[in-house]
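Read the numbers this way: they start at 1 and go in the same order the structure lists the ligands and their atoms.
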Amino acid sequence: MAETLKKLDDLVSLCKRRGFIFQSSDIYGGLASCYDYGPLGVELKRNVKNAWWKSVVQMRDDMVGLDCSILMHPLIWKASGHVDKFADLIVECKKCNTRTRVDHLEGHEGEETTHHEKPEVAAREDLSDKICPACETVGQFTEPMPFKLMFETRMGANADDSMKVYLRPETAQGIFANFSNVLNTTRIKIPFGIAQMGKSFRNEVTTKAFIFRTREFEQMEIEFFCKPGTDDQWWEHWKEQRMKWYIDLGIQPGNLRFRPHADDELAHYAKACVDIEYKFPFGQGDWQELEGIANRTDYDLRQHQRGIRSITKWFENKRDTEKTPLADEHTDWHKGPLSYFDDENRERYIPYVIEPSAGADRGTLAFLVDAYAEEEVRGEKRNLLRFHPSLAPVKVAVFPLVKKDGMPEKARAIYNDLRGRMTCFYDEKSAVGRRYRRQDEAGTPFCITVDGQTAEDNTVTVRERDSMNQDRVHCDQIKNYLQEKLDM
Ligand code: GAP
């Protein structure tokens, strides 16, 4: 009977030991909340992103991709509401000065305050029994205050024309900013979506649990544009599609659930939002957000129509984005530059947007947690990662049983033949049992061993990771055998 992951620490140490994930700047003592993906981790995360792209772009007729720059015109963030509103409500402990997000404070019973997107709601929380996570003093906090989450930097070398710009806190706005570019350069018609994956940055007040909440992370986002009135139906469609994606890639359905947002939790742009949550092995409640699926209405495109009209004011304000007021909405807003003309029905409107927004790192963590298993095999402990084959960093490892009798040469020939089609690993060091264990821990679905019998009948042993069953396969059939089993 396999044991699943009990403590996140066990996974963290496996990730470090086997080269999945390292603390950033480790040799300098580390940089908090930043992580580097090692040789196995980079393959795993890339496979997660590729699986997402395949499912939401490659396999659909109504989706296209995009890859925007991280630095964008600062007015984009004014129009989106991030410059003025993208902040967490924090308190400072009067005793030790540690700042904590109001919704991350816990009481004696261990219950966290509810997350409130709207600061005015969070500000009403009673904090008298909440404990400072740093010094454990109870109820001694300053008044809640907003803490801005966007990272700022400056662009340009000349003192008089350099300006403040922001590292994007979400990839979504690059999609809205390119809505008309995509419309004008493709023949796509509404309903359609644009997908993008890439880095986002947030100066999070409290980071959490390994790669779960970090200050630099990758998002995989879709903005799906549809006719107003069809938005509820597309929201349901994407809820179902995105939940199915996690399950198809091997996450146990019992570890996933939908959590609808309460009205006072909704982001300023959302009409409705549901989170797909995963049962992570940390925190009080365990259930934590993996992905949000929001109905953003026509909010962003309308706001960007206002943003575009604010350019003159922005120059007048010496490009100070914070001081630039957003232009009023034009009375003919639904005919503005970001509107859509439906030539079949001869009508013009601003589309509504459904946004499934996932984290590539958070997803990778969920796939790692869910795949983790410990088993006892003939009195010995075996650690394994039961990844879905399409996510496994290495698909097949090739071994000679011993380093003689032509076995290494034959094993190398098989390895060289396979590596053009899939990620392979060659290993001839130590006893074969130990080599199997190392591959189990890396999540490699198949191991091929060249042994004494190979020279006689040109067959090899193919061992499957989870069942440890071994098949005898003719060398001419290895590719077909693996392609079928790996569903490639
Ligand atoms: N465009 C909408 C948006 O950004 P969000 O709920 O703030 O919505 C979407 O983020 C997803 O991005 C989250 O569900 C999570 O997977 C990931 N994410 C957000 N902040 C993160 C952080 N600090 N570290 C890691 N992943 C994060």
Side-chain angles (χ1 to χ4, degrees), residues 21 24 32-35 37 45 48-49 52 66 68 70 72 76-77 80-82 85-88 101 103-104 115-118 147 149-151 166-177 193-224 235 238-239 242-243 245-246 251 256-261 265-278 280 282 287-297 299-300 303 353-369:
I21 299 165
S24 161
S33 115
C34 295
Y35 291 91
Y37 287 78
K45 184 167 150 186
V48 170
K49 292 193 290 178
W52 180 81
L66 192 70
C68 306
I70 286 170
M72 292 191 281
I76 287 184
W77 304 110
S80 68
H82 286 83
K85 294 188 194 141
F86 194 53
D88 273 337
R101 257 171 73 166
D103 61 335
H104 286 175
H115 177 73
H116 297 293
E117 191 72 34
K118 292 181 181 155
F147 177 81
L149 295 177
M150 272 203 295
F151 279 102
Y166 304 94
L167 301 191
R168 67 179 178 200
E170 61 173 17
T171 64
Q173 296 305 324
I175 298 181
F176 296 122
I194 305 178
Q196 163 159 242
M197 48 195 187
K199 292 264 177 165
S200 293
F201 303 82
R202 295 179 191 177
N203 195 9
E204 299 280 5
V205 183
T206 33
T207 53
K208 188 164 172 175
F210 200 30
I211 55 170
F212 178 84
R213 182 177 294 111
T214 51
R215 296 192 171 104
E216 174 181 342
F217 54 97
E218 261 186 284
Q219 289 186 306
M220 308 185 291
E221 299 200 282
I222 296 166
E223 306 304 323
F224 194 86
W235 187 59
W238 280 108
K239 269 172 64 182
R242 295 302 304 140
M243 180 62 101
W245 184 76
Y246 291 104
I251 298 226
L256 290 164
R257 73 176 186 191
F258 284 119
R259 190 186 67 82
H261 283 210
E265 226 189 318
L266 284 175
H268 57 273
Y269 50 73
K271 167 180 158 186
C273 186
V274 67
D275 286 344
I276 296 180
E277 290 192 331
Y278 179 76
F280 282 101
F282 52 76
W287 291 100
Q288 302 278 350
E289 173 187 347
L290 202 50
E291 164 161 358
I293 301 152
N295 182 340
R296 286 182 88 123
T297 68
Y299 176 84
D300 299 88
Q303 286 292 103
V353 173
I354 304 304
E355 179 195 64
S357 172
D361 307 270
R362 210 173 271 190
T364 300
L365 181 61
F367 286 116
L368 274 163
V369 168

*Parallel, tilted or perpendicular: which fits the ring planes of Tyr35 and Phe210, with parallel below 30° and perpendicular above 60°?*
perpendicular
_Sub-4.0 Å heavy-atom environment of ligand 1, residues by chain_ = Glu170, Ala172, Arg202, Glu204, Phe212, Arg213, Thr214, Phe217, Gln219, Glu221, Tyr269, Glu289, Leu290, Glu291, Gly292, Arg296, Glu355, Ser357, Ala358, Gly359, Arg362
_Test side chain to side chain contact (heavy atoms under 4.5 Å, CB included) applied to Ile211 and Phe217, step by step_ = CA-CA 8 Å; Ile211 55 170; Phe217 54 97; over 6 Å; no
*Which residues share a side chain to side chain contact (heavy atoms under 4.5 Å, CB included) with Arg257, sequence neighbours left out*: Arg259, Glu277, Trp287
*asked:* Could you check whether Arg296 pairs with Glu170 (Lys NZ or Arg NE/NH1/NH2 to Asp/Glu carboxylate O, under 4.0 Å)?
replied: yes
*Does the side chain to side chain contact (heavy atoms under 4.5 Å, CB included) test come out yes or no for Phe224 and Val353, once each step is laid out?*
CA-CA 5 Å; Phe224 194 86; Val353 173; 5.9 Å; no
*asked:* Nearest 0.5 angstrom please: Leu256 CG to Tyr278 OH, how far?
replied: 7.5 Å
